[in-house]
Asks: 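The structure that follows is given in the form of structure tokens.
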Amino acid sequence: VLGDLDVVSLEDLKELDAVEGPCISIFMPTHRAGAETLQGSIRLSNLVDQADRELESIGIDKRERPVILEPLRRMVDDDTFWQHQSDGLVVYVSPGHFRSFRVALPLEEEATVGPRYRIRPLLPVVSGNGNFLILALAENSVRLFEASRYAIGELDLGAVPGSKADALWYEDPERQLQLRQVGGSSAVFHGHGFGDEVRKEELERFLRAVDKGLHERLGNTDRPLMLACVAYYAGTFRGITSYPKLVDEVIEGNPEHLRAHEIHAKAWPLIEKHQNSKLQAIIGRFHDLSDTSKSAR
């Protein structure tokens, strides 16, 4: 979840495409703030009633319909949920399956029931969406972001150290004294003195700890990862990490004082060309099925 937006991933599309009906697909506009947010609950309630009538029209038993619609009824009554919206809401429900996505699209009201979910209206937020990660690296601050074309949100670091001090807290006290005596722990590299070599080794240990924590935090993900850091950090981290999808482009400079939206503004133009080719294949498949019974419509 990215703030009040939800990233729609390739995995989400595959999951939705595999579900068989009766499949309820609901689309509706929502409001980010103000008294208008209260309209969402009323609007969804009306669409649920419409879906109920459609279920009845295709012969779904009156005892089964409340069970299928129960997740939607709960959503209608969730006041907190309606206070955290974007521009549009997409909800998918079928027996034993429920997914919802808050999206940055002004959607038209619609409720349909069919043998498959109506996925096509979601494609604009996936096509070019480019779900990716950003690792903002600085001596005093490490932040990890999940981002898309439309949004960015900071992730919990998990096993990733939040700073160099966090990563190297276990260092031998005598070594720490030595570091202070040769000029402190600031990672500035001028000349080739003993202090520079010590600080270089310290930086490498810090970045190795970050890399180790990153693998523990992310697991087996194939999402592209972009660095936001000074050039020296980027080069050192690139020589250390085994992350499989580290992109070449870097958001250069110290990111400590950049807000999430500022990092996002710098990142998206760089990451756009790294769009996952599998996404285009999935979209192509949906287009190929447009005139078949399995159409994503």
Side-chain angles (χ1 to χ4, degrees), residues 130-147 152-260 262-271 273-274 276:
N131 186 11
F132 64 104
L133 300 166
I134 303 169
L135 180 63
L137 274 173
E139 178 177 327
N140 299 314
S141 170
V142 177
R143 291 178 291 166
L144 180 63
F145 298 93
E146 183 178 30
I152 183 170
E154 187 166 355
L155 298 175
D156 179 80
L157 285 174
V160 180
S163 66
K164 187 170 72 174
D166 289 345
L168 305 181
W169 64 269
Y170 58 86
E171 293 271 343
D172 183 79
E174 291 185 8
R175 185 171 184 81
Q176 292 296 328
L177 177 62
Q178 180 188 57
L179 290 174
R180 288 194 293 272
Q181 289 172 340
V182 298
S185 59
S186 177
V188 179
F189 301 95
H190 303 291
H192 303 282
F194 173 70
D196 297 325
E197 291 301 317
V198 170
R199 288 190 290 273
K200 179 180 179 181
E201 292 175 4
E202 185 184 63
L203 174 64
E204 289 179 354
R205 292 196 302 279
F206 165 40
L207 295 183
R208 287 185 190 281
V210 171
D211 182 55
K212 181 176 182 294
L214 197 65
H215 283 282
E216 291 182 24
R217 172 66 177 84
L218 298 177
N220 297 320
T221 182
D222 63 353
R223 287 178 290 180
L225 174 68
M226 173 172 284
L227 297 177
C229 58
V230 296
Y232 190 87
Y233 274 44
T236 304
F237 187 80
R238 195 174 299 279
I240 287 171
T241 188
S242 59
Y243 190 87
K245 295 276 189 175
L246 185 64
V247 302
D248 293 335
E249 290 76 11
V250 176
I251 304 168
E252 292 193 2
N254 187 339
E256 283 189 38
H257 303 297
L258 290 178
R259 297 180 180 180
E262 294 171 321
I263 291 176
H264 182 260
K266 293 174 180 289
W268 176 250
L270 298 175
I271 202 73
K273 65 172 130 179
H274 294 281
N276 194 317

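Hydrogens, waters and symmetry mates play no part in the numbers below; they use all other heavy atoms, side chains included.
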Asks: Just so I know, are the side chains of L227 and I251 near enough to count as touching, which here means a heavy-atom distance under 4.5 Å?
Replies: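 No, their side chains stay 4.5 Å or more apart.
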Asks: In the structure I gave you, are the side-chain heavy atoms of V210 and F237 within less than 4.5 Å of one another anywhere?
Replies: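 When only atoms from C-beta onward are counted, F237 and V210 do touch, with a gap below 4.5 Å.
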Asks: Is there a side chain to side chain contact (heavy atoms under 4.5 Å, CB included) between L246 and L135 once you walk through the steps?
Replies: CA-CA 10 Å; L246 185 64; L135 180 63; over 6 Å; no
Asks: Could I get the full list of side-chain contact (heavy atoms from CB on, under 4.5 Å) partners for R208, not counting sequence neighbours?
Replies: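 Partners of R208 under the side-chain contact (heavy atoms from CB on, under 4.5 Å) test: I240.
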Asks: Can you name the side-chain contact (heavy atoms from CB on, under 4.5 Å) partners of E256, sequence neighbours left out?
Replies: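 side-chain contact (heavy atoms from CB on, under 4.5 Å) check on E256 returns A138, N140, S141, N254.
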Asks: For the pair H215 and Y243, name the ring-plane relationship: parallel under 30°, tilted 30 to 60°, perpendicular over 60°.
Replies: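 Answer is tilted, since the angle falls between 30° and 60°.
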Asks: Given side chain to side chain contact (heavy atoms under 4.5 Å, CB included), test L270 with V247 step by step and report yes or no.
Replies: CA-CA 9 Å; L270 298 175; V247 302; over 6 Å; no
Asks: At their closest point, which heavy atom of I134 faces which heavy atom of A267, and how far apart are they?
Replies: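 Closest heavy-atom pair between I134 and A267: CD1-CB, 3.6 Å.
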Asks: Name all residues meeting the side chain to side chain donor-acceptor pair (under 3.5 Å) criterion together with T241; count only those two or more places apart in sequence or in a different chain, and write none if there are none.
Replies: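 With neighbours one apart ignored, the set is D211.
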Asks: Which residues pass the salt bridge (Lys or Arg N to Asp or Glu O under 4.0 Å) test with K266, sequence neighbours left out?
Replies: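 K266 satisfies salt bridge (Lys or Arg N to Asp or Glu O under 4.0 Å) with no residue once adjacent residues are dropped.
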Asks: Listed by chain and number, what are the side-chain contact (heavy atoms from CB on, under 4.5 Å) partners of D166, not counting sequence neighbours?
Replies: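 If we apply the side-chain contact (heavy atoms from CB on, under 4.5 Å) test to D166, skipping adjacent residues, the hits are P161, S163.
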Asks: Taking C-beta and beyond as the side chain, do K245 and L225 meet within less than 4.5 Å on heavy atoms?
Replies: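 No. Closest side-chain heavy atoms not under 4.5 Å.
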Asks: So, do E252 and V230 sit near enough that their side-chain heavy atoms are less than 4.5 Å apart?
Replies: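 Not in contact.
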Asks: Using every non-hydrogen atom in the two residues, find where G162 and L157 come nearest and quote the distance to one decimal.
Replies: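 That would be CA-CD1, 3.7 Å.
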Asks: Passes side chain to side chain contact (heavy atoms under 4.5 Å, CB included), L203 versus Y232? Steps please.
Replies: CA-CA 10 Å; L203 174 64; Y232 190 87; 3.5 Å; yes
Asks: Find out whether Y233 and E139 are in side-chain contact, i.e. whether some heavy atom of one side chain is under 4.5 Å from a heavy atom of the other.
Replies: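 Side chain of Y233 against side chain of E139, heavy atoms only: contact under 4.5 Å found.
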Asks: Write down the atom of R217, the atom of D156, and the distance for their closest heavy-atom approach.
Replies: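 Scanning both residues completely, I find the closest heavy atoms to be NE-O, 2.6 Å.
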Asks: NZ/K164 to CD/E202 distance, rounded to the nearest 0.5 angstrom?
Replies: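 The NZ atom of K164 sits 4.0 Å away from the CD atom of E202.
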Asks: I'd like to check P224 versus I271 (side-chain heavy atoms, cut-off strictly below 4.5 Å). Are they in contact?
Replies: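 In contact.
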Asks: Would you check, one step at a time, whether the test side chain to side chain contact (heavy atoms under 4.5 Å, CB included) holds for E154 with E146?
Replies: CA-CA 6 Å; E154 187 166 355; E146 183 178 30; over 6 Å; no
Asks: Would you say that L144 contacts L218 through its side chain, given a criterion of any heavy-atom pair below 4.5 Å between the two side chains?
Replies: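 A side-chain contact under 4.5 Å exists here.
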Asks: Do L168 and R205 come close enough that some side-chain heavy atom pair is under 4.5 Å?
Replies: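 With C-beta onward as the side chain, the pair touches.
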Asks: Nearest 0.5 Å please: distance from the SG atom of C229 over to the CG atom of L207.
Replies: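 The CG atom of L207 is 8.0 Å from SG of C229, to the nearest 0.5 Å.
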Asks: Can you name the residues that form a salt bridge (Lys or Arg N to Asp or Glu O under 4.0 Å) with R143, not counting sequence neighbours?
Replies: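 Listed in chain order: nothing, the list is empty.
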Asks: Under the rule for salt bridge (Lys or Arg N to Asp or Glu O under 4.0 Å), what residues qualify as partners of E216, not counting sequence neighbours?
Replies: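 Partners of E216 by the salt bridge (Lys or Arg N to Asp or Glu O under 4.0 Å) criterion, ordered by chain and then number, come out as K212.
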Asks: With rounding to the nearest 0.5 Å, note down the distance linking CD1 in I263 to CZ in F145.
Replies: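 Between I263 CD1 and F145 CZ, I get 4.0 Å after rounding to 0.5 Å.
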Asks: Could you report the tightest heavy-atom contact between A265 and P269, atom names first, then the distance?
Replies: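 So the minimum-distance heavy-atom pair works out to O-CD, 3.2 Å.
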